[in-house]
2 protein chains.
Amino acid sequence: MSLTIGALSRQAQVKVPTIRYYEQIGLLAEPSRTEGQQRRYGQDDVRRLNFIRHARELGFEVEAIRQLLDLTGTPDRSCGEVHDITKAHLAEVKDKIARLTALRDELEAMVTCDHRRISECRIIEVLADHGQCQHAEH
Amino acid sequence: MSLTIGALSRQAQVKVPTIRYYEQIGLLAEPSRTEGQQRRYGQDDVRRLNFIRHARELGFEVEAIRQLLDLTGTPDRSCGEVHDITKAHLAEVKDKIARLTALRDELEAMVTCDHRRISECRIIEVLADHGQCQHAEH
DNA sequence: CTTGAACCTCTAGTCACTAGAGGATGTAGG
DNA sequence: CCTACATCCTCTAGTGACTAGAGGTTCAAG
């Protein structure tokens with residue numbers, strides 16, 4: 001019933017070197033080994049790795065995931081800390097969206113230049129002179 | 001009329017180690033030196049570094065900036081390539097916004113959990129089970 | 001001539017992996 | 001039992017765009 005690292009990789013959709021990396025940084029426990037030193041995993045590892053992968057997909061940093069995993073070890077405590085971590089992450093995501101949106105608008109305004117010579121290109125002009133930006137605050 | 005690296009740093013709003021880094025990777029030319037090997041810059045360097053800083057603020061990668069700077073060296077050519085680079089970057093920005101927005105919605109749905117015990121927390125549940133996501137495609 | 005801020009080079013660290021070298025193990029088929 | 005060979009092992013180095021720090025030198029003001 002034990003899984004090789006390759007089988008775990010397929011089940012959790014996480015690449016083999018990434019699994020070893022997660023073990024190295026302590027996100028995954030060191031698994032049991034065969035006599036020939038090959039890793040063997042169980043269903044707990046599959047669940048834990050799925051949790052990690054999903055959190056990464058949702059953009060959580062490894063440190064945040066480490067904390068979330070630690071918290072799952074104390075199921076009776078209030079989930080206030082879990083919320084704090086998630087809300088902090090959500091705030092970062094919103095902040096990134098805001099900055100990227102401003103950036104997008106700036107770029108949209110720039111590409112309105114019709115194709116001419118580089119010496120007259122609006123894109124180059126804006127890049128060379130910050131004052132030509134719509135919003136000054138970046 | 002020549003500037004020290006510190007003066008250039010203040011004028012272009014780029015940190016000193018970053019200027020040296022740009023020189024190392026070839027974005028800035030090697031400047032002249034004093035007898036004691038200290039760098040001295042001119043107004044051309046200020047303009048070039050301002051261009052670089054502004055492009056970085058707009059999220060262009062160093063490789064793209066390198067190409068844009070090369071293109072400014074051929075002012076009579078059509079600015080088609082400049083547009084191509086900018087449009088490609090804009091597309092990436094839009095793509096990032098789309099992914100972050102999906103992510104934000106997912107996180108918003110998760111934090112609707114009212115504070116309970118970790119063993120019943122909706123955030124932990126969703127993280128542990130991808131199937132509970134609103135959108136399956138991440 | 002002295003002080004001390006600013007400069008110099010070089011190495012290593014950041015984050016979350018990814019790639020590759022060079023070799024060992026495990027398992028399926030014959 | 002033996003042979004392929006896919007998969008596994010460890011280790012080092014690379015990615016992007018810087019940032020930090022050590023240990024030493026230069027420049028300009030007073």
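First the proteins, then the strands, lettered A, B, ... as listed; each starts at 1.
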Q | Net bend of the helix from dC1(C)-dG30(D) to dG30(C)-dC1(D), end axes of five pairs each, nearest 10 degrees | A | 10°
**Q.** Contact check, side chains of Asp129(A) and Phe51(B), non-hydrogen atoms, under 4.5 Å
**A.** no
Q: For residues Cys133(B) and His54(A), determine if any side-chain heavy atom of one lies less than 4.5 Å from a side-chain heavy atom of the other.
A: yes
Q: Would you sort out whether Arg99(B) and Asp95(B) count as a salt bridge (Lys or Arg N to Asp or Glu O under 4.0 Å), showing the intermediate values?
A: CA-CA 6 Å; Arg99(B) 273 182 286 119; Asp95(B) 196 60; 3.0 Å; yes
(Q) Please give me the minimum heavy-atom distance between Leu58(B) and Leu103(A), naming the atom from each residue. (A) O-CD2, 2.8 Å
Q) Would you say Val14(B) and Ser9(B) make side-chain contact, with heavy atoms under 4.5 Å? A) no
Q: Determine the minimum heavy-atom distance between Arg48(B) and Leu69(B), stating which atoms define it.
A: NH2-CD1, 3.7 Å
Q. dA6(C) C1' sits how many Å from Leu3(B) CG, rounded?
A. 15 Å
Q.
Holding to side-chain hydrogen bond (donor to acceptor under 3.5 Å, both in side chains), I want the full list of residues that pass it with Gln67(A), two or more places apart in sequence or in another chain.
A. none
Q: For the residue pair Leu28(A) and Tyr21(A), establish whether any side-chain heavy-atom pair is separated by less than 4.5 Å.
A: no
Q) Given dG16(D), is OP1 or OP2 found less than 4.0 Å from the side-chain N or O atoms of Arg66(B)? A) no
Q. Sequence neighbours excluded, which residues qualify as side-chain hydrogen bond (donor to acceptor under 3.5 Å, both in side chains) partners of Glu125(A)?
A. none
Q. Over how many whole Å does the gap from Arg33(B) atom CZ to dT25(D) atom P extend?
A. 16 Å
Q) Between residues 42-52 of chain A and DNA chain C, which residues have a heavy-atom gap below 4.0 Å? A) none
(Q) Base, sugar-phosphate or nothing for Ile5(B)? Non-hydrogen atoms, less than 4.0 Å. (A) sugar-phosphate
Q: Measure the shortest side-chain to side-chain distance between Arg39(B) and Arg20(B) over non-hydrogen atoms and say whether it is less than 4.5 angstrom.
A: yes
**Q.** Per-nucleotide protein contact string for nucleotides 10-18 of chain C, where B marks a base within reach and S marks sugar-phosphate only (heavy atoms under 4.0 Å, - for neither)
**A.** ------BBS
Q. Are Pro75(A) and Arg117(B) side-chain neighbours, meaning at least one heavy-atom pair lies under 4.5 Å?
A. no
Q) So, is Arg39(A) near the phosphate of dC9(D), with a side-chain N or O under 4.0 Å from OP1 or OP2? A) yes
Dump every N/O contact between nucleotides 24-27 of chain C and the protein below 3.5 Å, one line per pair.
{"from": "dG26(C)", "atom 1": "OP1", "to": "Thr34(A)", "atom 2": "OG1", "distance (Å)": "2.6"}
{"from": "dG26(C)", "atom 1": "OP1", "to": "Gly36(A)", "atom 2": "N", "distance (Å)": "3.2"}

**Q.** Side chains of His130(B) and Glu57(A) in contact at under 4.5 Å (non-hydrogen atoms)
**A.** yes
Q) What closest approach, in Å, do Tyr41(B) and Ile19(B) show between heavy atoms, and which atom pair accounts for it? A) OH-CG2, 3.6 Å
